[in-house]
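Order of the sequence lines sets the chain letters (A, B, ...), proteins ahead of strands, with each chain counted from 1. What you see is a predicted model, and the numbers here were worked out from it, not measured in a lab.
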Number of protein chains: 2
Amino acid sequence: MYTESIEDYLKAIYEIQKEYGKVSTNSLSEKLNVAPASVTSMIKKLSEKKLVTHKRYQGVKLTKAGQKISLEIIRHHRLIELYLAEALGVPWDQVHEEAEKWEHVLSEDLEDRMDAVLGHPTRDPHGSPIPSRDGTITELDSIPLADLRSGQSAVVAEVSDHDPDLLRYVGKMGLYPKTKFKVLSIEPFNGPIKIQVEGSEHILGSGAAQYVFVTEVELPQSEMT
Amino acid sequence: MYTESIEDYLKAIYEIQKEYGKVSTNSLSEKLNVAPASVTSMIKKLSEKKLVTHKRYQGVKLTKAGQKISLEIIRHHRLIELYLAEALGVPWDQVHEEAEKWEHVLSEDLEDRMDAVLGHPTRDPHGSPIPSRDGTITELDSIPLADLRSGQSAVVAEVSDHDPDLLRYVGKMGLYPKTKFKVLSIEPFNGPIKIQVEGSEHILGSGAAQYVFVTEVELPQSEMT
DNA sequence: AATAGAATTTAGACCCACCTAAAAATAATA
DNA sequence: TATTATTTTTAGGTGGGTCTAAATTCTATT
């Protein structure tokens with residue numbers, strides 16, 4: 001078994017790798033709230049354990065072994081999030097924090113039991129895919145809501161869980177995964193976006209719209225070929 | 001918040017205090033599987049934090065503050081045990097290990113939710129009382145099954161959860177909390193005990209009978225006054 | 001190509017919780 | 001009571017994960 005800290009680093013590396021491709025010391029430092037120097041020394045350790053590859057001043061990359069572990073932790077995390085939401089009614093903006101702690105001490109047995117109770121789910125409450133036990137994951141092919149244009153409809157695929165305030169904000173307008181909505185108008189220069197969700201209209205700031213990812217985008221009637 | 005280690009020490013101190021009255025350095029060393037020297041230094045720390053009182057070479061005692069924290073952890077532990085058993089079907093010999101890890105990272109909010117889902121229970125799966133949120137606990141007034149005599153009936157109150165094998169062993173004969181049974185015979189010199197549980201007979205080793213605590217003891221007909 | 005600025009790494013230190021070995025205090029027994 | 005045995009404490013060290021300050025390397029810009 002690995003320490004909680006190692007698991008946190010691996011998870012962070014996976015997530016940064018997914019979002020930006022490259023994983024720098026500084027990006028880890030920010031994400032994990034530790035000093036860059038601390039990251040360097042941990043990278044050295046991870047590298048010795050063959051969990052990442054590292055070229056000095058060039059960032060890190062997960063090895064097969066490292067990725068496997070990081071996906072196990074992510075699986076724990078997302079199963080827990082979903083379980084807490086479903087079974088205990090924890091609101092979607094609180095499940096992340098709870099899962100952050102619990103994920104490190106969840107046994108395989110309990111993981112399986114939760115998985116079974118939930119019916120072998122594939123998405124967590126924010127729409128993120130839950131890796132399978134053997135470490136495979138199918139990342140979603142979605143785009144930020146902010147990239148839509150006036151008149152387009154789409155379905156919410158995933159909402160970033162990095163900020164509880166954001167989740168509450170978009171939750172208030174019903175923008176949960178699988179919810180269909182329509183962009184009524186979108187102002188230029190990152191202006192506010194007017195959307196229609198289940199009959200009612202809402203205004204969404206562009207900052208938030210960066211973190212709401214959508215799929216099944218439909219062109220407006222007027223632009224159909 | 002306190003470290004996991006501190007919480008473990010406080011819990012151990014509470015339990016030893018309850019079982020033996022006095023809490024020595026060695027008893028903690030054994031219970032926590034750490035060297036006596038390590039216990040001494042942790043005691044110093046706990047003492048500085050006013051969680052225990054300590055006279056050199058004389059053992060420790062929980063302060064009010066220390067007891068409060070230890071009961072909070074025990075509450076977490078036992079609520080988790082019961083929740084796992086009830087909601088996820090984890091067998092009673094496995095819930096302890098799971099709870100050992102989870103108890104340190106359980107939020108108050110989740111504690112309350114579990115408590116509510118379980119209907120504000122007062123006993124864990126082994127029959128141990130669950131402290132209330134404000135830190136009150138009503139310890140059971142029970143005696144070891146081994147102290148019963150031939151012909152007596154009693155109800156299982158509590159089974160020690162210190163050893164999973166023990167739990168499986170007594171579980172096989174149905175000796176769960178609230179189960180009524182009768183002592184058919186008991187051999188002297190810590191001999192085996194023949195008991196009747198729900199119609200069927202079983203033989204119970206005296207070692208195990210030390211750890212099964214019973215209540216509602218009834219005298220046999222022949223000895224009634 | 002030189003240099004200023006940013007990113008990264010090294011050096012040295014801290015805290016936490018643990019360890020072993022040795023010393024000191026207490027308890028048990030001849 | 002003296003001596004031995006047991007318990008507890010002190011002394012000194014280790015590994016894990018973090019920090020700050022300083023040195024190094026890379027990158028971008030002139």
By ring-ring contact (aromatic ring centres under 6.0 Å, His included), B:H76 pairs with (sequence neighbours left out) none

Taking N or O atoms only and anything under 3.5 Å, show me the protein contacts with nucleotides 6-8 of chain C, one pair per line.
residue	atom	partner	partner atom	Å
C:dT8	OP2	A:N26	N	2.8

Taking only residues two or more places apart in sequence, or in another chain, which ones meet [X] in a salt bridge (charged side-chain N to carboxylate O under 4.0 Å, His left out)?
| X | answer |
| --- | --- |
| A:E81 | none |
| B:D109 | B:R113 |
| B:K18 | B:E139 |
| B:E15 | B:K31 |

**Asked** Distance only, no hydrogens: is a donor on one side chain within 3.5 Å (strictly under) of an acceptor on the other, for A:D8 and A:H104?
**Response** yes

Count the heavy atoms belonging to other residues, nucleotides or ligands that lie under 6.0 Å from [atom1] of [X], then report whether that count exceeds 12.
| X | atom1 | answer |
| --- | --- | --- |
| A:Y211 | OH | no |
| A:K101 | NZ | yes |
| A:D141 | CG | no |

Shorter than 3.5 Å, N or O on both sides, protein versus nucleotides 14-16 of chain D: list them out with atom names.
none

[X]: side chain to side chain contact (heavy atoms under 4.5 Å, CB included) partners, not counting sequence neighbours:
| X | result |
| --- | --- |
| A:R133 | A:R75, A:E108, A:E111, A:D112 |
| A:A37 | none |
| B:D165 | B:D163, B:R168 |

Practice prompt. Assess whether salt bridge (Lys or Arg N to Asp or Glu O under 4.0 Å) is satisfied between A:E72 and A:K68, documenting all intermediate values.
Written response: CA-CA 6 Å; A:E72 277 169 24; A:K68 180 138 192 290; 3.4 Å; yes

Of the candidates D:dT18, D:dA11, C:dT9, the side chain of A:A37 sits closest to C:dT9

Would you mind reading off the distance between [X] atom [atom1] and [N] atom [atom2], rounded to a whole angstrom?
| X | N | atom1 | atom2 | value |
| --- | --- | --- | --- | --- |
| A:K55 | D:dC26 | NZ | P | 13 Å |
| B:K22 | C:dA27 | NZ | P | 7 Å |
| A:E48 | D:dG17 | CD | P | 12 Å |
| A:L46 | D:dT18 | CG | C1' | 15 Å |
| B:K44 | D:dT10 | NZ | C1' | 10 Å |
| A:N33 | D:dC19 | CG | C1' | 14 Å |
| A:H104 | D:dG17 | NE2 | C1' | 14 Å |
| B:D8 | C:dC16 | CG | P | 17 Å |

Quiz item: Counting distance only, does the side-chain N/O of A:T25 pair as donor-acceptor with the main-chain N or O of A:P36 below 3.5 Å?
Solution: no

Looking at A:Y2, I'd like to know whether one of its side-chain N or O atoms comes within less than 4.0 Å of OP1 or OP2 on D:dG17.
no

message: If the cut-off is 4.0 Å, is B:S38 near the phosphate of C:dC19, judged by side-chain N/O to OP1 or OP2?
response: yes

Output field dot_bracket for DNA chain D (Watson-Crick or G-U, both distances under 3.5 Å, | for other-strand pairs) contains ||||||||||||||||||||||||||||||

Protein and nucleotides 3-5 of chain D: nitrogen or oxygen contacts under 3.5 angstrom:
none

